[in-house]
Amino acid sequence: MSILEIFNQWLILNHWTVAYKFNTFEIEKHDILKKYDNLSSIELYINFLNIFSKIESCDTCTWFLCAEDYKQDYKENEFAWNEFETISLAYAMDESEQDDIRKWWSWHLPIAISVKNAYYSYLAIDLKNNFGSIVFGEEPEFEIASIIAPDFESLLKLIIDGKLKLI
C-alpha cells in the first residue's frame with residue numbers, strides 16, 4: 001500500500017473531510033504552480049495533487065492545499081493559498097522588505113494552513129535552500145520557518161505515526 005493510501009486511511013479514521021479528484025492535474029498547465037521551479041520533481045507531492053481535491057479537519061480550521069486551492073481569485077471570506085505572504089507584505093516597512101518577502105515566498109510553497117484559535121500557521125515545501133524539505137511557520141513573522149521533515153513522504157509518516165500534530 002502506498003504512503004498516500006495509508007495517509008488517506010489516516011484522514012478518514014481521524015474524521016477529516018476528504019474529496020478526490022477525477023481529472024489529471026498537469027503542473028505545466030497550472031497558472032500558479034508552474035511558476036515554482038523544480039516542483040514537478042517532487043513526484044509524491046504531484047501525486048498528492050492528482051488524488052485529492054479537498055482535505056479539511058473536522059473543525060475546518062486546518063486544511064491541506066489541493067490543486068484547486070492555488071488560484072488567483074477568492075471570495076471575500078475565503079483564505080487564499082498565499083494569504084500569509086499578503087499579510088506580510090501589508091506590514092512590510094519598505095520596498096526592500098517587500099522584495100525580501102516576495103523572494104522568500106517564491107521559494108516556499110504553502111501546502112497546509114491552520115487558523116486554529118485565530119492563530120495562523122502553515123506548512124510549506126522549501127524549493128530552494130533545503131530543496132523538498134517541509135517547513136513550519138507561524139505568525140507574527142511567517143518567513144521565520146523551521147524544517148520539520150526532510151521531505152513530503154516523511155511529513156506524511158510523522159502525521160500517520162502521531163509524531164506530528166497537524167498545525
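What you see is a predicted model; the values in this text were computed from it and never measured.
Smallest separation of non-hydrogen atoms from Leu49 and Leu65: CD2-O, 4.1 Å. The minimum heavy-atom distance between Ile27 and Lys34, with the atom names listed, is O-CB, 3.2 Å. Scanning all heavy atoms of the two residues, the minimum distance from Ala149 to Leu158 falls at CB-CD1, 4.1 Å. Across all their heavy atoms, His30 and Ala67 have their closest contact at NE2-O, 3.1 Å. The two residues Asp37 and Phe131 come nearest to each other via the heavy atoms O-CE1, 4.4 Å. Nearest heavy-atom pair, Ile113 versus Ala80, reported as atom, atom and distance to 0.1 Å: CD1-O, 3.9 Å.
Ile125 contributes atom CD1, which lies 4.5 Å from atom CD1 of Ile111 (distance to the nearest 0.5 angstrom). To the nearest 0.5 Å, the span separating CG on Asn47 from CZ on Phe52 amounts to 10.5 Å. The distance from atom CD1 of Ile55 to atom OG1 of Thr62, rounded to the nearest 0.5 Å, is 12.5 Å. The distance from the CD atom of Gln9 to the CG atom of Asn14 is 11.5 Å, given to the nearest 0.5 Å. One finds the CD1 atom of Ile159 at 9.5 Å from the CD1 atom of Ile3 (value rounded to the nearest 0.5 Å). Annotation: the span from Ile148 atom CD1 to Leu155 atom CG amounts to 5.5 Å, rounded to 0.5 Å.
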Run Glu143 and Ser88 through side-chain hydrogen bond (donor to acceptor under 3.5 Å, both in side chains) and show every step you take. CA-CA 8 Å; Glu143 294 75 30; Ser88 292; 2.8 Å; yes
Going through the checks in order, is the side chain to side chain contact (heavy atoms under 4.5 Å, CB included) test met by Ile51 and Asn8? CA-CA 10 Å; Ile51 294 171; Asn8 183 56; over 6 Å; no
Output, in order, the C-alpha distance, side-chain angles, deciding distance and verdict of side chain to side chain contact (heavy atoms under 4.5 Å, CB included) for Gln72 and Ile32. CA-CA 8 Å; Gln72 299 288 347; Ile32 291 172; 3.5 Å; yes
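Asp161 places no side-chain N or O within 3.5 Å of a backbone atom of Lys163 that could act as its donor or acceptor partner. Between the side chain of Asn50 and the main chain of Ile46, a donor-acceptor pair closer than 3.5 Å is present. A side-chain donor-acceptor contact under 3.5 Å links Asp59 to the backbone of Cys61. A distance-only check finds a donor-acceptor pair linking the side chain of Asp126 to the backbone of Asn129 [under 3.5 Å]. Counting only distance, with no hydrogens or angles, the side chain of Thr60 and the backbone of Glu56 share no donor-acceptor pair below 3.5 Å. Remark: side-chain polar atoms of His15 are not paired, donor with acceptor, to backbone N or O of Ser57 under 3.5 angstrom.
Considering only heavy atoms from C-beta on, Pro140 stays 4.5 Å or farther from Tyr120 through its side chain. Side-chain contact check for Thr17 versus Leu11: every heavy-atom pair is 4.5 Å or farther apart. With contacts defined as side-chain heavy-atom distances shorter than 4.5 Å, the pair Ser114/Ser121 qualifies.
Applying the 6.0 Å contact sphere to OH of Tyr91 captures no more than 12 heavy atoms from other residues, nucleotides or ligands. Within a 6.0 Å radius of CG in Asn23, more than 12 heavy atoms belonging to other residues, nucleotides or ligands are found. The environment of Glu141 atom CD is sparse: at most 12 non-hydrogen atoms of other residues, nucleotides or ligands sit within 6.0 angstrom. Residue Glu28 qualifies as enclosed at atom CD: its count of foreign heavy atoms under 6.0 Å is above 12.
Using bins of under 30°, 30° to 60° and over 60° for the plane-to-plane angle, the ring pair Phe84/Phe79 lands in the perpendicular bin.
Trp107 is not connected to Trp81 by any chain of hydrophobic side-chain contacts under 4.5 Å among Ile, Leu, Val, Met, Phe, Trp and Tyr, and they are in different clusters. Residues Val135 and Ile144 fall into different hydrophobic clusters, defined by Ile, Leu, Val, Met, Phe, Trp and Tyr side chains chained together at heavy-atom separations under 4.5 Å. A single hydrophobic cluster is not seen to contain both Leu13 and Ile160; linkage of ILVMFWY side chains at heavy-atom distances under 4.5 Å, directly or through other members, places them apart.
For the residue pair Glu85 and Trp104, no side-chain donor N or O sits within less than 3.5 Å of a side-chain acceptor on the partner. Using modelled atom types and a 3.5 Å distance limit, the side chains of Ser154 and Asp151 yield a donor-acceptor pair.
With sequence neighbours left out, the ring-ring contact (aromatic ring centres under 6.0 Å, His included) criterion links Phe64 to Phe7, Phe48. Partners of Lys103 by salt bridge (Lys or Arg N to Asp or Glu O under 4.0 Å), not counting sequence neighbours: none found.
When each of Ile147, Leu164, Leu123 is tested with Phe136 by the rule side chain to side chain contact (heavy atoms under 4.5 Å, CB included), just one qualifies, namely Leu123.
Aromatic rings of Tyr36 and Tyr70 (six-membered ring for Trp) have centroids beyond the 6.0 Å cut-off, not under it. Ring centroid separation for the pair Tyr122 and Trp63 does not come in under the 6.0 Å cut-off.
The salt bridge (charged side-chain N to carboxylate O under 4.0 Å, His left out) pairs that include a residue from residues 60-72 are Lys21-Glu68, Lys71-Glu78, where partners are two or more places apart or lie in different chains.
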